[in-house]
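Chain letters run A, B, ... following the sequence lines, proteins first, then strands; residues in each count from 1. Excluded from the calculations below are hydrogen atoms, water molecules and symmetry mates; all remaining heavy atoms, backbone and side chain alike, are included.
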Protein chains: 2
Amino acid sequence: MHLAKVSEDTIFRSCDHDYKVTCDTCRLNRICIPLALNAKDLEQLEKIVQHTKPMQKNELLYRENTPFQSIYAVRSGAIKAFRTTNDGREQVTGFYFPGEILGMDGISEDRHASSARALETAAICAIPFNALEKLSSTMPNLQRHLFQLMSREITEDQLLITLLSKNSADERVATLLLSISRRNARRHLSATHFRLPMSRVDIGNYLGLTVETISRVFSRMQKAGTLRVDNKEIEIMDYEALHHGANLSN
Amino acid sequence: MHLAKVSEDTIFRSCDHDYKVTCDTCRLNRICIPLALNAKDLEQLEKIVQHTKPMQKNELLYRENTPFQSIYAVRSGAIKAFRTTNDGREQVTGFYFPGEILGMDGISEDRHASSARALETAAICAIPFNALEKLSSTMPNLQRHLFQLMSREITEDQLLITLLSKNSADERVATLLLSISRRNARRHLSATHFRLPMSRVDIGNYLGLTVETISRVFSRMQKAGTLRVDNKEIEIMDYEALHHGANLSN
DNA sequence: CCAGAACCATGATACAGATCAAGAGACTGC
DNA sequence: GCAGTCTCTTGATCTGTATCATGGTTCTGG
């Protein structure tokens, strides 16, 4: 029994190739929560962060209406957040990449307001919110950073609201691609050549469009020489054109 | 000179019929920030809240990209928040009624991410955020409440995203009316009979629709016996029908 | 109380994107 | 390595809402 447990643990950890990472040594620590902290405070944070959560593609990280315990940082892979409308359809509310934080919508009601699913194999850090809250009472920088993170989530949602309310299909797609490009650049990855982790369905859902429309927009942009599209591989050929297409408002 | 100042002050205050209100005696204190605090903590909060800000219709409370200082609580009247797209159009991102807090989108970048304008004569409390932050370090309840307020703003934005992305014109209008109805009820006002403080243009803008469409929806709903509409006066005649119309999703 | 300006309602028409349909490509598990 | 399934593309058609146009109503300031 004891042996079994050990071996299970070993298997679990062997999936997570960098399970020994700490916030201290994590290569995302300049864009994730640690950016607000000095070495001493980081040690404290370290104590509450749970680094062990390797996820398979399509696995759920948390589910709408379940008790809220933690917020989550993406270490690798990509996550989509979505809520289910009461006629059973999905609304994708965001995509989360390494270094980004999700789950903060659960704080207000003490249960998750959305669900989150891995779009590909992913490593996640769970940060128990009660402990984080206590910690932030003693660390003004951390408290400030949390307020800022939540505020940023609000402004990003407002941008999406504006996008959905005012922009054409081409502008919406262009804006998403530019957002992914910018976030890649932040992680020192290529800003012009990347692989989309999400399906056309998810993109359409997020942008308030149908799959067919997403396909057509990609085809049109490829024809126009703005993009090269090969299934999920995207190459931005004409950054300016893309930006211009996304630029008619916002 | 000194005299002039005094008299100006007097005029200023005379506009604000309940300027002597404190959080302690404010009739909104069960739905506003004070709800999280005991009498002793409330005294501390009292010291930083600025109660003096009577606004005329159309006056700006704060403007996009100006330095962020305070968040604001509505004491009376109604406020709309909006951002300006870079082709100069407006996107209304929210309406705020008495007891509600706005301005939290300014925290992340230390400048306001949106503007706010009075839809009618309004009284506002300004709460300097630096002071509030300090205070919340020593009051776990307050800190928790602020996190919850911000989290609620996120979930409400997500609801709007879903509405814009998935729902018909009728459903959007119905959802807005039900939201106003619910918020009125919270303040012990009529849930079925109220006056809209905003124009059709603002409603359309908020819901991603044109003025004409808003007009037509109101007319249709009146014809169907769901509403009585007399300019800005709304009477909900068939709550169920309205809810059903808003109910096809979310 | 009146004139000008907002604001609102309603009809006719246009169009972006949805829906329906069908086939091609890519991935999955045995 | 192949069958079945999911994902993506492209075409034809339909539709809800935008747009354009006009007149009525309400509000505002002098």
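Every pair passing salt bridge (Lys or Arg N to Asp or Glu O under 4.0 Å) that includes a residue from residues 210-228 of chain B is listed here, sequence neighbours excluded: B/Asp170-B/Arg220, B/Arg228-B/Glu235.
For the pair B/Asp230 CG and C/dC8 P, the interatomic distance rounds to 12 Å; values are reported in whole Å. Atom CG of A/Asp170 and atom P of C/dC15 are 16 Å apart (whole Å). We find that CG of A/Asp202 is positioned 13 Å from C1' of D/dC6, with the value rounded to whole Å. Computed from coordinates, the B/Arg200 CZ to D/dT26 P distance equals 12 Å when rounded to whole Å. Across the protein-nucleic acid pair, A/Ile203 atom CD1 and D/dT9 atom C1' stand 14 Å apart, rounded to whole Å. Between the C1' atom of D/dC27 and the CD atom of B/Glu120 lies a distance of 15 Å, rounded to the nearest Å. Going from atom CG of A/Leu119 over to atom C1' of D/dT7 covers 15 Å, rounded to whole Å. Atom-to-atom, CG of B/Leu196 to P of D/dT26 comes out at 16 Å; the value is rounded to the nearest Å.
Using a 4.0 Å heavy-atom cutoff across all strands shown, B/Ile214 reaches no nucleic acid atom at all. Across all strands, B/Ser199 comes closer than 4.0 Å only to sugar-phosphate atoms, never to a base (heavy-atom distances). Using a 4.0 Å heavy-atom distance criterion, B/Gly208 is classed as a sugar-phosphate-only contact.
Remark: B/Glu90 engages B/Lys80 in a salt bridge, criterion side-chain N to carboxylate O under 4.0 Å. Salt bridge absent: A/Lys232 and A/Glu120 never bring a charged side-chain N and a carboxylate O closer than 4.0 Å. B/Glu233 and B/Arg195 are joined by a salt bridge, as a carboxylate oxygen and a charged side-chain nitrogen come within less than 4.0 angstrom of each other.
Distance from the side chain of B/Thr210 is smallest to D/dA18 among C/dA18, C/dC8, D/dA18.
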Distances for protein N/O vs nucleotides 10-16 of chain D N/O pairs under 3.5 angstrom?
residue, atom, partner, partner atom, Å
D/dT10, OP2, A/Ser219, OG, 2.2
D/dG11, N7, A/Arg216, NH1, 2.9
D/dG11, O6, A/Arg216, NH2, 3.3
D/dA12, N6, A/Arg216, NH2, 3.4

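The side chain to side chain contact (heavy atoms under 4.5 Å, CB included) test with B/Arg75 singles out one residue from B/Cys125, B/Pro54, B/Pro98, B/Cys32, and that residue is B/Cys125.
Residue whose closest nucleotide on DNA chain D sits further toward the 5' end, between B/Leu209 and A/Val201: A/Val201.
When every heavy atom of B/Met55 is checked against every heavy atom of B/Ile79, the shortest pair comes out as SD-CD1, 4.3 Å.
Contact annotation: B/Lys232 does not reach the phosphate of C/dC7 (side-chain N/O to OP1 or OP2, under 4.0 Å).
The closest side-chain heavy-atom distance from B/Arg200 to B/Phe218 is below 4.5 Å.
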